[in-house]
Amino acid sequence: MFLCAVRPRQASLFRSVVAAMSTGTFVLLQPLNYRGGVRVEPADSCGTEKAFEPATGRVIATLQCSGEKEVDLAVKNSMLAFKSWSQKSGMERAQVLLEAARMIKEQKDAIATMETINNGKSVFEARQDVDTSWQCLEYYAGLAASMAGEHIQLPGGSFGYTRREPLGVCVGIGAWNYPFQIACWKSAPALACGNAMIFKPSPFTPVSALLLAEIYTKAGAPPGLFNVVQGGAATGQFLCQHPDVAKVSFTGSVPTGAKIMEMSAKGIKPVTLELGGKSPLIIFEDCTLENAVKGAMVANFLSQGQVCCNGTRVFVQKTILDKFIKEVVEQTEKIKIGDPLLEDTRMGPLINEPHLERVLGFIKSAKKQGATVLYGGKPYVPTDPKLKHGFYMTPCILTDCTDDMTCVREEIFGPVMSILSFENEEEVLERANDTIYGLAAGVFTRNIQRAHRVAAQLQVGTCYINNYNVSPVELPFGGYKKSGFGRENGRVTIEYYSQLKTVYVEMGDVESF
Ligand SMILES: NC(=O)c1ccc[n+]([C@@H]2O[C@H](COP(=O)([O-])OP(=O)(O)OC[C@H]3O[C@@H](n4cnc5c(N)ncnc54)[C@H](O)[C@@H]3O)[C@@H](O)[C@H]2O)c1
Ligand SMILES: O=CCc1c[nH]c2ccc(O)cc12
């Protein structure tokens, strides 16, 4: 039996314990809320939620969902931290973020192991997520000191200037697919701008946000600057409705996003919504086929397909359809499914049983509607007996798909690639844009004019040319249409975590009536 984490001064012990950890051994024993720089049990609760180890199907924790009182305590505590933090210079804030980034880098394997145990993604991928996480902290540390306003000369020697100021206590609400990374992508710009943050992870993945909270404290953040409250929808509602919360940044589904927006509207709070997608990936006959095939795999099977921006509608030009299908099936057959903590595993289990059933249900309905299951799409039981109750399935390739099928219209959030064919550019653009979503898109072609022409016409927040699912922190990420608004990452995100004050300075006399 292992504890999930230890106090900051025991961090090296934590690293060695976690590094030695194997699938099926982990138990959560410590409190899971974080307030005032320490782990705490919630002051009150509104029910419980179970967190699983998806690889084995074991329950690793039963969470107490934080009630209204606990949420209020967390907000009050964060307001105190905000007072001192918001008065610090950008350079001072940067020092804390840089130290936290250094500690994340140092504990990369331990954090990735924990993420894998709680989420099910392969440890190979989880390490990449941790890299993008510390990079995000470093990036916003770099911007913190350069946050500045303008000086504007006015008639008669008068002038004005603007100040970029923090918002206050911001709430981050996360999805379960990138638990640690989402916590970093929200907290790093928030803290860099001088805000405090209360983060609520998905109840399915409560673990890694706590590791981040402990790291921030150890890096020198004042107690309360980054608090964690655990819980589900009710806890999320208490947070969004709290009058002293200044902003909500949400990552999750469209229906929940709509509710968050409604609650925030009542309190006139700004929101960032990072929602779902059904992104098109367009493969032209003049592409480099090998790259296009790899791109389609990355666009569909990373994190067991549980990625919001996945390119799940794969449009392939008719002239290369057969070659593409043959190659993509060959590559998919090679994906090693199994224990996500093993170094050579590339596909672990899905997040939980109901989600696995839901994904398999989409495949069943695709068949009914006339699609062909060319490969996979079945429950999978690894040979290792300890994994037999895990939530595994084989990656699925669907062909003979049409634009009106459910598998082509709805977000599946699992390893299911729908292949569609097209004749020409004009036609494919119209079909690619025929969706309520607008998170991302991809285009594979060696024709440079075509690549940019297509990118310009796709109604999406991110368009990949000759690659897919690469998210460097320097580039803004977010949606068009029902995939949300606001951005994470990139310089622009500073604007989403700050407000602009204008100061007018009179150099003459006041003119009266
Ligand atoms: N665009 C992006 O950046 C992005 C990233 C990851 C996931 N997603 C999307 O997230 C979805 C999968 O994640 P999920 O199942 O965790 O989504 P979800 O909407 O069910 O839950 C997301 C979070 O919202 C909380 N929540 C649920 N109801 C709430 C309410 N009424 N008020 C406040 N909080 C509430 C949940 O507890 C969880 O923390 C997919 O649709 C996926 O596309 C989007
Ligand atoms: O799952 C969708 C894309 C994504 C990957 N990592 C993160 C982190 C934070 C987000 O809001 C979205 C994503």
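Atoms within each ligand, like the ligands themselves, are counted from 1 in listed order. Values below: all heavy atoms of this structure, side chains included; hydrogens, waters and symmetry mates excluded. Just so you know, residue 1 is the first one in the sequence shown, and it goes up from there.
- The backbone N or O of Gly479 sits less than 3.5 Å from a side-chain atom of Arg487, completing a donor-acceptor pair.
- For residues 192-206, there are no side-chain hydrogen bond (donor to acceptor under 3.5 Å, both in side chains) pairs, not counting sequence neighbours.
- When only non-hydrogen protein atoms are considered, atom 11 (O) of ligand 2 lies nearest to Glu488 OE1, 2.3 Å.
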Could you walk me through whether Asn33 and Glu41 pass side-chain hydrogen bond (donor to acceptor under 3.5 Å, both in side chains), step by step?
CA-CA 6 Å; Asn33 273 20; Glu41 295 291 355; over 6 Å; no
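- A cation-pi contact, defined as under 6.0 Å to the ring centre and within 45° of the axis, is absent between Arg58 and Phe52.
- Contact residues for ligand 1 (protein heavy atom closer than 4.0 angstrom to any ligand atom): Ile173, Gly174, Ala175, Trp176, Asn177, Lys200, Pro201, Ser202, Pro203, Gly232, Ala233, Gly236, Gln237, Phe250, Thr251, Gly252, Ser253, Thr256, Lys259, Ile260, Met263, Glu274, Leu275, Gly276, Cys308, Glu411, Phe413, Leu439, Phe477.
- In this structure a side-chain-to-backbone donor-acceptor pair under 3.5 Å is missing from Arg313 to Leu281.
- Ring centers of Trp176 and Phe413: under 6.0 Å apart, within the cut-off.
- Residue Asn177 touches ligand 2 through its side chain alone, judged by heavy-atom distances below 4.0 Å.
- Judged by a 6.0 Å distance limit and a 45° cone about the ring axis, Lys294 is not positioned over the six-membered ring of Tyr468.
- The nearest non-hydrogen atom to atom 12 (C) of ligand 2, considering only Tyr178, Trp185, Phe250, Phe413, comes from Trp185.
- Listed by chain and number, the residues in a side chain to side chain contact (heavy atoms under 4.5 Å, CB included) with His389 amount to none (sequence neighbours excluded).
- Atom 3 (C) of ligand 2 has as its closest protein heavy atom Cys308 SG, 2.8 Å.
- Distances below 4.0 Å separate heavy atoms of Glu274 from the following atoms of ligand 2: 11 (O).
- Below 4.0 Å from some heavy atom of Gln181 lie the following atoms of ligand 2, by number and element: 5 (C), 6 (N), 7 (C), 8 (C).
- Sorted by first and then second residue, the salt bridge (charged side-chain N to carboxylate O under 4.0 Å, His left out) pairs with a member in residues 167-188 read Lys186-Glu488; sequence neighbours excluded.
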